[in-house]
Amino acid sequence: MKQVFGEIHRVLKPGGEWLFSVWGSLAENPVARIVNDLMTNLFQPNPPLFYQTPFGFHDPAALRALAEDAGFTSVAVRAVARPVPPPTPMEAATGW
């Protein structure tokens, strides 16, 4: 991942800004956490891990360190909540 941040820093014009967003952790996403727990329990002893990927890049300290290591000097990491009404059980099952 360090190479990705470094390449973005390299191609960004001087004074340019790079904004990006990531998902919160599974702990912050109750429907996703329930689906992950279900998948983990159903597929023992080797549950699929791909489902955890979108929720695994949320640590502000790690994001800051990656950006600073890549050469970014003005780094701001903010948590911005975008609450979504919980789906019905049918909507959640269909969506996943």
Side-chain angles (χ1 to χ4, degrees):
M1 192 54 63
K2 183 177 178 178
Q3 291 174 327
V4 172
F5 278 59
E7 185 64 6
I8 291 166
H9 183 266
R10 184 186 73 76
V11 302
L12 193 64
K13 72 179 185 176
E17 291 183 306
W18 174 40
L19 305 172
F20 69 97
S21 64
V22 296
W23 292 3
S25 68
L26 281 171
E28 299 166 305
N29 291 280
V31 173
R33 185 181 66 248
I34 290 167
V35 172
N36 182 67
D37 292 349
L38 177 65
M39 298 289 280
T40 299
N41 289 328
L42 283 175
F43 293 97
Q44 286 298 323
N46 296 310
L49 301 177
F50 69 88
Y51 185 74
Q52 297 174 11
T53 301
F55 303 97
F57 198 57
H58 57 82
D59 179 6
L63 293 170
R64 176 181 299 284
L66 282 167
E68 290 173 347
D69 288 349
F72 288 95
T73 56
S74 180
V75 178
V77 179
R78 292 184 198 102
V80 179
R82 295 285 187 240
V84 176
T88 66
M90 180 57 84
E91 290 168 337
T94 302
W96 298 112

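Computed from a prediction, not measured in an experiment: that's the story for all the values here.
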Check: Mind checking whether Val22 and Val4 sit in one hydrophobic cluster, side chains of I, L, V, M, F, W, Y counted as touching below 4.5 Å?
Finding: yes

Item checked: Atom CD of Glu17 with >12 non-hydrogen neighbours under 6.0 angstrom -> no

Notebook entry, point to check: Say you draw a straight line from OG1 of Thr40 to CG of Leu49; how long is it, rounded to the nearest 0.5 Å?
Noted result: 7.5 Å

Next item on the list: Compare every heavy atom of Trp23 with every heavy atom of His58, then report the nearest pair and how far apart it is.
Entry: CB-O, 3.4 Å

Item checked: Heavy-atom pair of closest approach, residues Val31 and Pro87 -> CG2-CD, 3.8 Å

Listed pairs under 3.5 Å, donor-acceptor, residues 66-73 side chains, sequence neighbours left out:
none

Notebook entry, point to check: Are Val35 and Met90 co-members of a hydrophobic cluster defined by side-chain heavy atoms under 4.5 Å apart?
Noted result: no

Check: Would you say the side-chain atoms of Asn41 pair up with the backbone N or O of Asp37, donor to acceptor, closer than 3.5 Å?
Finding: yes

Checklist line | side-chain hydrogen bond (donor to acceptor under 3.5 Å, both in side chains) involving Ser25 - partner list, sequence neighbours excluded | finding: Glu28

Next item on the list: State, to 0.1 Å, how close Gly24 and Asn29 come at their nearest heavy-atom pair, and which atoms those are.
Entry: O-ND2, 3.4 Å

Next item on the list: Give the minimum heavy-atom separation between Phe43 and Pro48, together with the two atoms involved.
Entry: CB-CD, 3.7 Å

Item checked: Value rounded to 0.5 Å, distance of CH2 in Trp18 from CG in Leu12 -> 9.5 Å

Check: Can you hop from Met1 to Val77 via hydrophobic side chains spaced under 4.5 Å?
Finding: yes

Next item on the list: Begin from the C-alpha positions of Phe20 and Leu63 and carry the test side chain to side chain contact (heavy atoms under 4.5 Å, CB included) through to its verdict.
Entry: CA-CA 11 Å; Phe20 69 97; Leu63 293 170; 4.2 Å; yes

Check: Between Thr94 (side chain) and Glu91 (backbone), is there a donor-acceptor pair under 3.5 Å?
Finding: no

Item checked: Separation of Gln52 CD from Leu26 CG (nearest 0.5 Å) -> 6.5 Å

